[in-house]
Amino acid sequence: MAAETIAAVATAPGFGGVGIVRVSGPAAAHLARALLGRVPPPRQAAFARFRDADGAAIDSGLALWFPAPASFTGEDILELQGHGGPVVLDLVLRRTLELGARLARPGEFSERAFLNGKLDLTQAEAIADLIAAGTQTAARLAGRTLEGALSRRVAALVEGLTQLRMVCEAALDFPDEDLDPLADARVAADLAALSADMAGLLADARQGQLVREGLRLVIAGPPNAGKSSLLNALSGADTAIVSPIPGTTRDLLRAEIQIDGLPLHITDTAGLRPAADPVEEEGIRRAQGQIAQADRVLWVFAGDADGAVGPDAHLPPGVALTRVRNKIDLTGEAPGLRETQTGPEVALSARTGAGLAELRAHLKAVAGFQGAGGGEFLARRRHLEALGRAQGHLADAGACLAATGAGELVTEDLRQAQRALGEITGEVSSDDLLGRIFAGFCIGK
């Protein structure tokens, strides 16, 4: 069945100097003739009037024509650049629908580019990541991913696995031949090299995922410890109300900041204590829910408080925790980071700012963040999950080889590792996976 022709507004909602309607599919040339009176010359901006069914002008602007297969989607594409008013854009879009196009789903243009071999899946995802980038580092790495930085690393591993599978499977296909692929320990050496390359790619992917998604940081502790003051100090804004009255913070307060390109998603929570009323009880319940989802918890307590004040009764076991000794401006303690029997502790004053630099450096260190100049590409959780499975299959292959010395027995583990890598670039994919990925894109992209 022939592909449908799709159309959508490709610019952000609202008012602007320029607005774009994009059309892709086999009927794009028909739409161009009906809307413009002609098909524009390929890849040249041409002035045109966009006309309705009666021939009256809806708008005027530039029309661009990208014939298949030399287009973003690999199909015929018509792009209409008119004035950026929502009513005008809606009239142009409605006209394309009258002429036989249908409204595109979110991400459908990028999905067609993927299905038509113009992009692999990591590059398609990088388009959405580039649009959504919240830091310069994330934008830079998204651009590298779009250019194929992650794809090339994965392809190199797949090629290595393919070559090793050929050697190992030869022993299965020709058991009577004197192949002896293990005579020079080739399989063992190649497997070790592949495992090292996989570990390096996984480490770089963790860095890329950190730049993309950041660190979920929850500020918790007893009332009046200075949690809201710390949120304000880290964000550089009066995000939270600061008061000497215990229990001022009832609901969750959030701030999005970055430290040298590391995104931090900070949540300030209600003071943890026996609730004085139902409202505070709900605030504490929400605080505990956020703590359970945090990548790290900053447990804030006053520097002059009793040393028995601690998080053990309020936090789930195994949570990544940094204790923050606040209000050192009142106690005269020196700011800085130190290791204690209960883990890292940062002494600081949220009021004066002393010790905040040490806290920021500590957060980068525990996250494993290499800095704005580090990283090669952006990565998503699904990439890390697939790489982890591929690494596990290589480990199983190595264990089998060490135990049996029979290279032909590792072929299934190698095949599974290659399949996991194929999921990253989309060589192996399901309709459900593609639907979930492209559903998160903008309409018109």
- Message: Walk me through whether Glu423 and Arg389 qualify under salt bridge (Lys or Arg N to Asp or Glu O under 4.0 Å).
- Response: CA-CA 11 Å; Glu423 293 177 11; Arg389 282 190 284 113; 2.5 Å; yes
- Item | Check against salt bridge (Lys or Arg N to Asp or Glu O under 4.0 Å), Arg102 and Glu108 | CA-CA 11 Å; Arg102 69 162 173 81; Glu108 190 168 3; 2.5 Å; yes
- Message: Could you go through Leu191 and Leu401, starting from their C-alpha distance and side-chain angles, then the distance that decides it, and tell me whether this counts as side chain to side chain contact (heavy atoms under 4.5 Å, CB included)?
- Response: CA-CA 9 Å; Leu191 187 56; Leu401 186 61; 4.2 Å; yes
- Message: Pair Thr122, His383 - check side chain to side chain contact (heavy atoms under 4.5 Å, CB included), show working.
- Response: CA-CA 9 Å; Thr122 65; His383 302 156; 4.2 Å; yes
- Message: Evaluate Leu164 against Val187 for side chain to side chain contact (heavy atoms under 4.5 Å, CB included), listing each step before the verdict.
- Response: CA-CA 7 Å; Leu164 186 54; Val187 171; 4.0 Å; yes
- Task: Let me see the working for Phe72 and Phe66 under side chain to side chain contact (heavy atoms under 4.5 Å, CB included), right down to the final yes or no.
- Result: CA-CA 8 Å; Phe72 173 70; Phe66 303 94; over 6 Å; no
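Ser110 contributes no side-chain N or O that, together with a main-chain N or O of Gly107, makes up a donor-acceptor pair within less than 3.5 Å. Side-chain atoms of Asn326 never come within 3.5 Å of backbone atoms of Ala302 as a donor-acceptor pair (strictly under, hydrogens ignored). For Thr73 (side chain) and Ala113 (main-chain N/O), no donor-acceptor pair under 3.5 Å exists by modelled atom type. The backbone N or O of Pro69 lies less than 3.5 Å from a partner atom in the side chain of Lys118, making a donor-acceptor pair. Panel note: side chain Gln207, backbone Gln370; a donor-acceptor pair is recorded below 3.5 Å. The closest donor-acceptor contact from the side chain of Glu376 to the backbone of Thr145 lies at 3.5 Å or more, if one exists at all.
Pairs passing the salt bridge (Lys or Arg N to Asp or Glu O under 4.0 Å) check and including a residue from residues 193-205, sequence neighbours excluded, read Arg153-Asp204. Under the salt bridge (Lys or Arg N to Asp or Glu O under 4.0 Å) criterion, the residue pairs touching residues 207-220 are Asp129-Arg212, Glu213-Arg381, Arg216-Asp295, with sequence neighbours excluded.
Here the side chains of Leu217 and Leu298 are in contact, with some heavy-atom distance below 4.5 Å. Using a 4.5 Å cut-off on side-chain heavy atoms (C-beta onward), Trp65 and Asp76 make contact. Using a 4.5 Å cut-off on side-chain heavy atoms (C-beta onward), Asp413 and Leu394 make no contact. A heavy-atom distance below 4.5 Å is found between the side chains of Phe114 and Leu121. You'll find the side chain of Ile219 reaches within 4.5 Å of the side chain of Val300, heavy atoms only. Using a 4.5 Å heavy-atom threshold, the side chains of Trp299 and Thr322 count as separate. Residues Lys227 and Pro222 have side chains not in contact (no heavy-atom distance under 4.5 Å, counting atoms from C-beta outward). Under the 4.5 Å side-chain criterion, counting only non-hydrogen atoms from C-beta, Phe438 is not in contact with Pro106.
Pro344 and Arg296 get closest at one heavy-atom pair: CG-NH1, 4.4 Å. The minimum heavy-atom distance between Ser235 and Ala255, with the atom names listed, is CB-CB, 4.0 Å. Nearest heavy atoms, Ser151 versus Thr425: CA-CG2, 4.5 Å. Shown here for Leu201 and Phe377, the closest heavy-atom pair between the two residues is CD1-CZ, 3.6 Å. Residues Gln123 and Leu146 approach most closely at NE2-O, 3.1 Å, considering heavy atoms. Scanning both residues, Thr135 and Gly261, for their nearest heavy atoms gives OG1-O, 3.8 Å.
Between Arg105 and Glu111 there is a salt bridge, with a side-chain nitrogen of the basic residue lying less than 4.0 Å from a carboxylate oxygen of the acidic one. Salt-bridge annotation for Arg144 and Glu147: absent, with no side-chain N of the basic residue lying under 4.0 Å from a carboxylate O of the acidic one.
For Thr340 and Glu345, the side-chain atoms include no donor-acceptor pair closer than 3.5 Å. One side chain, Gln81 or Glu79, offers a donor N or O that lies under 3.5 Å from an acceptor on the other. Side-chain atoms of Asp268 and Ser228 include a donor-acceptor pair closer than 3.5 Å. Judged purely by distance below 3.5 Å, without hydrogens or angles, the side chains of Ser24 and Arg112 never pair a donor atom with an acceptor atom. Side-chain contact, Gln418 with Arg165: a donor N or O sits under 3.5 Å from an acceptor N or O.
For Glu385, the CD atom sits in a packed shell: over 12 heavy atoms of surrounding residues, nucleotides or ligands are nearer than 6.0 Å.
Taken to the nearest 0.5 Å, the CD1 atom of Ile6 stands 4.0 Å off from the CZ atom of Phe109. Here CG of Leu64 is found 9.0 Å from CG of Leu80. Values are rounded to the nearest 0.5 Å. Between atom NE2 of residue His393 and atom CG of residue Leu421 there is a gap of 9.5 Å, rounded to the nearest 0.5 Å. One finds the CG atom of Leu97 at 11.0 Å from the OG1 atom of Thr5 (value rounded to the nearest 0.5 Å). Rounded to the nearest 0.5 angstrom, Arg351 CZ and Ser229 OG are separated by 9.5 Å. Taking CD from Gln391 and CG from Leu194, the interatomic distance works out to 12.0 Å, rounded to the nearest 0.5 Å.
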